[in-house]
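Shown next, in structure tokens, is the structure this report addresses.
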Amino acid sequence: MSLDILIINAFDEWLKGEVTPERVRHIDLGESADSLWRSLNEQGFADLLLPEELGGAAANATTACHLLVAAGGAALPLPLASTWWGRFALAEANLPIPDGPITLATGRRESEAILCHRVPYATSAQWVLATLADGTWLLPIGAAQGQPPGVHASQARDLFWPVLPDNAQRLPLNRNWIALGAAFSAALIAGAGERVLQLTLEYANTRQQFGKSIASMQSTQQAISVLAEEVAATRMAAQLALRDAIWPTAIASAVAKARSSAAAVRICTIAHAVMGAIGISEEFDLQLFTRRLYEWRADYGSESAWHTFIGQSALEGSGSSLEFFEQHLPTT
């Protein structure tokens, strides 16, 4: 059995034991995620991409994609992917790697202050890799003022630093962090979509109406078949973006995020239509995933933003911008 398979299986077992729907609910409603992070870190999952000499697993993006799909399917309330790549980038630059989870954001300077709008996982992360006009900075969240977005149970926050913190670090290497965020968000959407499909199937097979399960009704079967298609397409798009090389290409990330963001809306719409009012109830698990699907849809660019990028790349480039996908089209 390969090391990658061992890592995937171990992570699945950790998720089953630690990331229960009840625990996710508590964290969504304000309980600290620190103990969950400590458990994940102690198991070594926070250093997936780091080389072995730094205590990591030296995994590639393909393995990372498998773990992110599983994380999305468990509604893991931690910025796992951004921590992986953030730590890897810091190691590349020979900079110290801080303790605690790292999230990604874009921001702007206002005189000496820094403002980052709608930072994902701001309530559970300890650091932000913020892309600013003068480069990428690692900023401590503890030094920032936070403003919630007004969305129920959202982990996102607007963050404001009055001045650049003394312990901030500037990364010397330029990376397309937004494209990376798009790629790993696609994998999270794929995982949550698979869980939504599972919940929808379970409900349809047990819900009785007119003396038979609603799964036997043609309209329900058609809706669930479309749901399954959307989930499968999303996973394939994420796998195409996160394969082998550590850093995904901008075009691959754009296509993955555009496809998955569009699918997220359809997945939620179909699932809630099949389940009706129970789907939005707090005690039912569906809302744990559909809320995240809508948030992940917007994180690092929605489908409309990435559709524009793809179109501009095709029209303005020499054709090489889409070469990756031409090489991977089926031959028959």
Side-chain angles (χ1 to χ4, degrees), residues 23-38 40-41 46 71 75-87 89-90 93 95-172 174-182 184-185 188 288 291-302 305:
R23 191 170 192 179
V24 172
R25 281 183 175 84
H26 287 310
I27 293 173
D28 280 354
L29 297 177
E31 184 177 292
S32 173
D34 289 351
S35 62
L36 185 62
W37 166 257
R38 285 194 297 271
L40 183 144
N41 194 42
L76 177 67
L78 291 170
L80 184 58
S82 48
T83 301
W84 288 339
W85 271 275
R87 289 185 167 194
L90 290 166
L95 292 173
I97 299 174
D99 294 330
I102 303 169
T103 189
L104 300 182
T106 57
R108 68 178 188 272
R109 289 186 179 272
E110 296 180 350
S111 186
E112 295 184 358
I114 299 171
L115 175 65
C116 293
H117 176 65
R118 200 180 167 280
V119 179
Y121 297 104
T123 61
S124 58
Q126 295 181 22
W127 301 87
V128 178
L129 266 178
T131 300
L132 307 175
D134 61 341
T136 302
W137 288 83
L138 182 68
L139 305 171
I141 289 182
Q145 302 169 16
Q147 178 67 36
V151 177
H152 173 70
S154 174
Q155 289 190 297
R157 293 291 186 271
D158 293 339
L159 297 179
F160 176 79
W161 291 264
V163 296
L164 183 68
D166 292 337
N167 58 342
Q169 298 187 74
R170 187 178 186 275
L171 274 69
N174 290 324
R175 294 291 185 185
N176 192 336
W177 290 103
I178 302 307
L180 172 66
F184 69 62
S185 293
L188 292 171
L288 296 176
R291 284 193 290 103
R292 283 171 167 78
L293 283 170
Y294 274 108
E295 285 212 69
W296 292 335
R297 175 204 179 194
D299 287 348
Y300 312 112
S302 66

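Contacts of Ala144 classified as side-chain contact (heavy atoms from CB on, under 4.5 Å), with partners at least two apart in sequence or in another chain: Leu159, Trp161. Among residues two or more places apart in sequence or in another chain, the ring-ring contact (aromatic ring centres under 6.0 Å, His included) test is passed with Tyr300 by Phe184.
Side-chain contact check for Ile114 versus Leu139: some heavy-atom pair is nearer than 4.5 Å. Within the 4.5 Å cutoff, the side chain of Leu78 has heavy atoms near those of the Leu40 side chain. Looking at heavy atoms from C-beta onward, Arg25 lies in side-chain contact with Leu288 at the 4.5 angstrom threshold. Arg175 places none of its side-chain heavy atoms less than 4.5 Å from the side chain of Thr136.
Just one of Thr123, Leu129, Thr83, Val128 meets the side-chain contact (heavy atoms from CB on, under 4.5 Å) condition when paired with Thr103; it is Val128. Exactly one residue among Asn167, Asp99, Ile141 makes a side-chain contact (heavy atoms from CB on, under 4.5 Å) with Trp127. That residue is Asn167. The one candidate from Arg118, Glu295, Arg291 that meets the side-chain hydrogen bond (donor to acceptor under 3.5 Å, both in side chains) condition with Ser154 is Glu295.
Geometrically, Arg108 does not engage Trp137 in a cation-pi contact defined by less than 6.0 Å to the ring centre and at most 45° from the axis.
Side-chain polar atoms of Ser35 and Arg23 form a donor-acceptor pair below 3.5 angstrom.
At most 12 heavy atoms of other shown residues, nucleotides or ligands fall within 6.0 angstrom of atom CG in Asp166.
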